[in-house]
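Treat the numbers as computed from the prediction; the structure is a model and nothing was measured.
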Amino acid sequence: MDNLPISPFAAFLGISIDEFSRGKVLCSVDLCDHHVNNGGRVHGGFLASLADTAAGAAVRTVRPSGTLTATVDLSISFIRPPTSNRLKAIAEVIYAGKRLYRVEIGIFCNEKMVAKTSAT
C-alpha cells in the first residue's frame with residue numbers, strides 16, 4: 001500500500017495520516033477554534049473522532065482488499081486536557097479476526113497521553 005487516503009470527514013476536521021505500516025497508524029491535527037467546547041477545552045467528541053479516524057486507518061492497512069469496515073464500539077477515557085495546539089493519535093490493531101478488528105488508540109499532546117481509546 002503506497003498511500004492511505006484520509007476520509008472526507010477527517011480532512012474536514014484537519015486530521016492527517018503522517019505515518020503508517022501494517023496494523024499501525026500515526027495521525028495528527030493542529031487544533032483550531034472550532035475544535036473546542038464552550039469552556040475553551042478540546043471537545044470530547046473531537047477527540048473521539050480523532051481516535052476513530054486513526055482506528056479506521058489502521059484497520060485499512062490489514063483488512064482484505066475490496067472489503068469495508070465500520071466502527072461498532074468505541075470507548076474513550078479522557079486523562080488530561082491538551083496543553084498545546086497539536087495532537088497525535090497512535091492506533092494499533094491488536095486483533096484481526098474474520099469479521100471484527102480490535103484497535104487500541106492513544107492520543108498525545110507534548111508526548112503526554114491525553115486520552116486512551118479502544119475500538120472494534
(request) Could you state whether Leu47 and Phe9 fall into the same hydrophobic cluster, counting links through intermediate Ile, Leu, Val, Met, Phe, Trp or Tyr residues with side-chain heavy atoms under 4.5 angstrom apart? (result) yes
(message) Ignoring hydrogens, what is the shortest heavy-atom contact between Ile17 and Pro5? Give both atom names and the distance.
(response) CD1-O, 4.0 Å
(request) Please collect all ring-ring contact (aromatic ring centres under 6.0 Å, His included) contacts where either partner lies in residues 68-91, sequence neighbours excluded, each pair once. (result) none
(request) Report yes if the side chains of Val29 and Leu13 come closer than 4.5 Å at any heavy-atom pair, otherwise no. (result) no
(message) As an exercise, state the distance from CG of Asn85 to SG of Cys32, rounded to the nearest 0.5 Å.
(response) 8.5 Å
(request) Answer with yes or no whether the hydrophobic clustering places Ile79 together with Ile90; edges join I, L, V, M, F, W, Y residues whose side-chain heavy atoms lie under 4.5 Å apart. (result) yes
(message) A quick test of your reading: do over 12 heavy atoms of other residues, nucleotides or ligands sit less than 6.0 Å from NZ of Lys116?
(response) yes
(message) On a heavy-atom basis, which atom in Ala57 and which in Val25 lie closest, and how many Å separate them?
(response) C-CG2, 3.6 Å
(request) Can you measure from CG (Leu31) to OG (Ser84) and round to the nearest 0.5 angstrom? (result) 7.5 Å
(message) Just to verify, what does Arg102 make a salt bridge (charged side-chain N to carboxylate O under 4.0 Å, His left out) with, not counting sequence neighbours?
(response) Asp73
(request) Taking all heavy atoms of Arg22 and all of Thr61, pick out the closest pair and write down the distance. (result) NH1-O, 3.5 Å
(request) Measure the CG-OG distance between Asp30 and Ser16 for me, rounded to the nearest 0.5 Å. (result) 8.0 Å
(request) Determine, using the 4.5 Å side-chain heavy-atom cutoff (strictly less than), whether Leu74 and Leu50 are members of one ILVMFWY cluster. (result) no
(message) Side-chain heavy atoms nearer than 4.5 Å, only ILVMFWY residues, links allowed to pass through others: does that put Phe12 and Val42 together?
(response) yes
(request) Would you indicate whether Arg99, at its atom CZ, is surrounded by more than 12 heavy atoms from other residues, nucleotides or ligands within a distance under 6.0 Å? (result) no
(request) Determine the minimum heavy-atom distance between Cys109 and Val114, stating which atoms define it. (result) CB-CG1, 3.8 Å
(message) Taking Val59 as the starting point, is it possible to reach Val72 by hopping between hydrophobic residues whose side chains are less than 4.5 Å apart?
(response) no
(request) Could you grab the distance from atom OG1 of Thr117 to atom CG of Asp52, nearest 0.5 Å is fine? (result) 9.5 Å
(request) Look up atom CG in Leu4 and atom CG in Asp18, then write down how far apart they are to the nearest 0.5 Å. (result) 11.5 Å
(message) For Phe108, give me all partners under ring-ring contact (aromatic ring centres under 6.0 Å, His included), at least two apart in sequence or on another chain.
(response) none
(message) Between Asn37 and Gly39 (side chain of the first, backbone of the second, donor and acceptor by atom type, cut-off under 3.5 Å), is there such a pair?
(response) yes
(message) Show the nearest heavy-atom pair for residues Ser49 and Ile15, with the distance to one decimal.
(response) O-CD1, 4.3 Å
(message) Taking His34's backbone N and O only, do any of them form a donor-acceptor pair with His43's side chain (distance below 3.5 Å, no angle check)?
(response) no
(request) Locate the shortest heavy-atom distance separating Val62 from Tyr101; write the atom from each residue and the value. (result) CG2-CE2, 3.8 Å
(request) For the pair Ser28 (side chain) and Lys88 (backbone), establish whether a donor and an acceptor sit closer than 3.5 Å, ignoring hydrogens and angles. (result) no
(message) Does Arg41 have more than 12 heavy atoms from other residues, nucleotides or ligands lying within 6.0 Å of its CZ?
(response) no
(message) For the CD atom of Glu92 and the NZ atom of Lys24, what is their distance to the nearest 0.5 Å?
(response) 5.0 Å
